[in-house]
Amino acid sequence: MFYPGPACVRWARVRQAGPGERWVGVRTGLCANTLWGILDPEVNVKIIIVGGVAGGMSAATRLRRLDETAEIIVFERGHYVSFANCGLPYFVGGVIRNRAELLLQTPESLGSRFALDVRIDTEVVRIDRVAQTVSVRNMLTGAESVEGYDRLVLAAGASARAGATDSPIPTHTLRTVDDVDHITAVLATVGAASAVVIGGGFIGLEAVENLVHRGVRVTLVQRGPQIFTPLDPEMAAPVLDRLRERGVDVRLGTTVTRATSIGAAEPGLVELSDGTSVPADLVIDASGVRPDLTLAEQAGLRIGQSGGVWVDDTQATSDPLIFAVGDGVEKTDAVSGAGQLVTMAGLANRHGRSVADSIAGTPEHAAPALGTGIVGIFGLTVALVGWSENRLVAASRAHRIVHTHPANHAGYYPGAEGMSIKLLIDAESDAILGAQIVGGTGVDKRIDVLAVAMAAGMSASALMRLELAYAPQYASAKDPINQLGYVADNLAQGTSVNLQWHELEAMRATGSVLVDVRSPGEFLAGSIPGAINVPLDDLRKRLGELPRVPLIVHCQVGQRGHTAARILSQHGFDVRNLDGGYRTWLAGTSSLSVSSPAERVLV
């Protein structure tokens with residue numbers, strides 16, 4: 001049976017000749033007048049989707065919009081489909097009050113609106129690629145059955161790493177509706193609750209914030225020496241400060257070794273690798289996820305270099321009849337072109353739509369992944385895109401760095417909030433390699449502009465030419481994005497030479513002198529040890545006081561330092577500006593006890 005697909009594409013259901021006779025879907029052009037095989041006039045193409053959350057359900061609904069006649073079955077081993085998993089921590093914290101708001105669709109609503117056959121509590125346990133069938137098990141009854149497919153979409157996602165504790169204390173992940181139900185049930189049975197959260201990544205930070213909102217005493221246990229490791233250390237320092245300001249007991253360089261239960265009326269004890277114990281009514285394990293490869297490996301599909309399921313740019317696996325999307329799938333990195341794992345909901349949804357287009361006959365080629373992400377923690381917004389400095393150093397990739405500390409809008413307009421921005425730039429091409437922003441209002445807007453600039457292939461210097469919306473309550477006439485471009489252009493043209501906070505001591509060890517060009521009041525309020533204070537406005541009159549050795553100048557955030565460097569260089573001095581000024585130096589040195597690039601890679 002022929003049935004129309006998008007554009008100039010049609011499908012046919014064909015009986016394949018030879019041993020093991022089977023029915024397969026074949027895509028044909030409108031002009032085709034013969035097909036190899038015998039057409040079955042009664043059977044339509046059958047598509048099976050494994051996983052019914054972000055990527056899987058995006059694929060299913062897009063497929064239905066493209067094709068009214070295909071048979072589409074979605075198998076979901078959990079009890080819920082199409083739920084708002086990114087909203088789960090906020091239900092725990094009471095920000096989202098109505099549990100029903102997390103349940104975006106049900107099998108019934110999806111069947112009614114999209115004519116999808118959605119089967120919950122049903123797990124696909126085996127793929128037979130030769131027979132083009134899947135074996136499925138009903139999770140409630142244990143009954144097994146077999147379903148054939150013409151196209152198969154794997155959207156199994158990722159699963160939590162092995163639990164960090166083995167004890168009577170309730171230990172949970174925070175990935176499903178069932179997880180949230182169990183966590184809230186535990187908290188409802190205790191009074192002044194205490195909790196241990198393992199892992200300071202996206203989910204861990206969101207769990208901490210929402211538990212504190214609920215009145216829970218929280219200990220955050222982080223294996224590494226800094227919080228939120230996707231950031232570089234000087235950018236992560238404000239996050240650590242904010243956590244401790246809100247009463248979170250943060251244990252860095254620490255792991256959970258054991259957990260014990262004292263009694264029904266008392267919280268348990270979680271023993272840590274630093275030799276201490278902390279009380280806990282529950283433990284939330286947010287230490288990370290790993291791709292769910294069970295089906296892919298059983299079926300003999302190719303696994304990528306990053307450990308995720310390999311797919312081409314149409315989301316097809318090494319079997320052209322099987323596609324894959326979501327957290328368990330390898331993406332192409334936008335900076336290196338290599339395979340990497342990026343577990344972002346936006347990518348899962350986007351690739352779900354793409355795989356539907358590919359199956360329907362109009363493939364959309366996936367763009368490389370930038371890894372754009374954002375998280376809020378007690379009013380602080382943390383956002384990032386692309387590579388970090390640590391990652392660039394580890395890859396031995398030459399780069400330049402820009403730190404700025406602008407306000408989100410005009411400083412003279414009430415309510416301006418500061419932010420710290422770090423831009424990573426290719427030393428040869430001036431391409432944008434990554435960015436990190438920490439601050440308040442306006443962080444989300446700027447990271448999105450930088451993500452678009454990266455996707456468009458803009459140079460860092462070209463940011464200064466962007467025409468961005470301006471009014472005093474929204475931005476400055478020189479937007480923070482434009483400011484990044486100005487600094488990047490100065491570095492590219494050689495107008496400025498900067499120095500990073502972690503390079504300062506090595507340069508001073510060679511005999512360079514540090515000059516603080518801030519006001520005397522700023523200098524007295526806090527300074528870098530060993531610096532001499534020559535305020536910028538006095539600099540031209542005091543040139544004779546400065547030694548003719550390499551100089552390093554700095555101010556609070558870098559702008560006055562740049563002006564000082566220009567004055568000094570035009571008077572014959574060899575000078576560098578400390579990038580990001582005193583503020584960046586202070587954040588960096590407070591976050592890390594090591595300073596060499598080789599050691600920083602381990603953060």
Side-chain angles (χ1 to χ4, degrees), residues 225-228 231-246 250 252 378-380 382 389 401-408 411 416-422 436-440 480 483 487 496 498-509 511-539 542 545-547 549-565 567-568 575-596 600 603:
Q226 78 167 59
I227 209 71
F228 200 65
L231 294 182
D232 290 316
E234 77 277 20
M235 303 300 290
V239 182
L240 178 61
D241 291 343
R242 185 62 57 93
L243 288 166
R244 287 176 168 160
E245 286 169 5
R246 297 305 173 92
V250 181
L252 299 176
F378 299 120
L380 195 67
V382 181
E389 181 185 2
I401 300 172
V402 172
H403 287 90
T404 61
H405 300 278
N408 67 306
E417 297 181 52
M419 65 179 77
S420 296
I421 307 179
K422 181 174 185 176
Q436 302 168 25
I437 312 180
V438 179
Q483 293 178 33
V487 179
S496 293
N498 66 8
L499 185 76
Q500 296 306 310
W501 64 271
H502 53 75
E503 299 171 330
L504 176 61
E505 290 311 310
M507 187 165 178
R508 293 177 74 181
S512 296
V513 172
L514 180 63
V515 182
D516 185 334
V517 299
R518 297 177 299 162
S519 69
E522 291 173 292
F523 183 78
L524 289 174
S527 63
I528 300 174
I532 60 174
N533 183 217
V534 181
L536 176 61
D537 292 344
D538 299 337
L539 186 59
R542 297 176 59 181
E545 300 177 23
L546 299 176
V549 298
L551 299 180
I552 307 161
V553 295
H554 84 85
C555 61
Q556 188 71 7
V557 299
Q559 187 173 12
R560 284 175 289 173
H562 169 65
T563 301
I567 292 171
L568 291 168
V575 59
R576 287 169 173 77
N577 183 22
L578 184 62
D579 187 44
Y582 179 73
R583 184 179 298 179
T584 297
W585 174 87
L586 187 63
T589 54
S590 69
S591 69
L592 200 59
S593 60
V594 296
S595 59
S596 74
R600 286 187 293 106
V603 174

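Under the 3.5 Å distance criterion, the side-chain polar atoms of Asn498 are left unmatched by any main-chain donor or acceptor of Val402. Asn533 contributes a side-chain N or O that, together with a main-chain N or O of Arg518, makes up a donor-acceptor pair within less than 3.5 Å. Side-chain atoms of Gln226 come within 3.5 Å of backbone atoms of Leu231 as a donor-acceptor pair (strictly under, hydrogens ignored). Panel note: side chain Asn577, backbone Gly558; a donor-acceptor pair is recorded below 3.5 Å. Side-chain atoms of Arg542 do not come within 3.5 Å of backbone N or O of Val534 as any donor-acceptor pair.
Going from atom NE2 of His554 over to atom OG1 of Thr584 covers 11.5 Å, rounded to the nearest 0.5 Å. To the nearest 0.5 Å, atom CG of residue Leu536 and atom CD of residue Gln559 are 10.0 Å apart. Interatomic distance, Leu240 CG to Leu252 CG, rounded to the nearest 0.5 Å: 5.5 Å. Considering OG of Ser512 and CG of Leu551, their distance stands at 7.5 Å, rounded to 0.5 Å. Between atom CD1 of residue Ile532 and atom OG of residue Ser527 there is a gap of 12.0 Å, rounded to the nearest 0.5 Å. To the nearest 0.5 Å, the span separating CD on Gln483 from CD1 on Ile421 amounts to 7.5 Å.
When the options His403, Arg576, Glu234 are evaluated for a side-chain hydrogen bond (donor to acceptor under 3.5 Å, both in side chains) with Gln500, the one that passes is His403.
Arg508 has its side chain within reach of Glu505: a pair of non-hydrogen atoms, C-beta onward, lies under 4.5 Å apart. Between Leu504 and Thr589, the closest side-chain pair of non-hydrogen atoms is not below 4.5 Å. With contacts defined as side-chain heavy-atom distances shorter than 4.5 Å, the pair Pro480/Thr404 does not qualify. Put simply, the side chain of Leu546 reaches to within 4.5 Å of the side chain of Leu568, judged on heavy atoms. Proximity of Val575 to Val515: side-chain heavy atoms (C-beta onward) are nowhere separated by under 4.5 Å. Contact annotation: the side chain of Pro535 never approaches that of Glu522 to less than 4.5 Å [non-hydrogen atoms, C-beta and beyond].
Looking at every heavy atom in both residues, Gly526 comes nearest to Tyr582 through C-OH, 3.4 Å. Here the shortest heavy-atom pairing between Pro238 and Leu380 reads O-CD2, 3.7 Å. Closest approach of Trp501 to Trp585, counting heavy atoms only: CB-CA, 3.8 Å. The two residues Asp232 and Glu389 have their closest heavy-atom pair at OD2-N, 2.8 Å. Considering every non-hydrogen atom in both Val553 and Gly561, the closest pair reads CG2-O, 3.4 Å. The heavy-atom pair separating Val513 from Pro547 by the smallest distance is CG2-CG, 3.9 Å.
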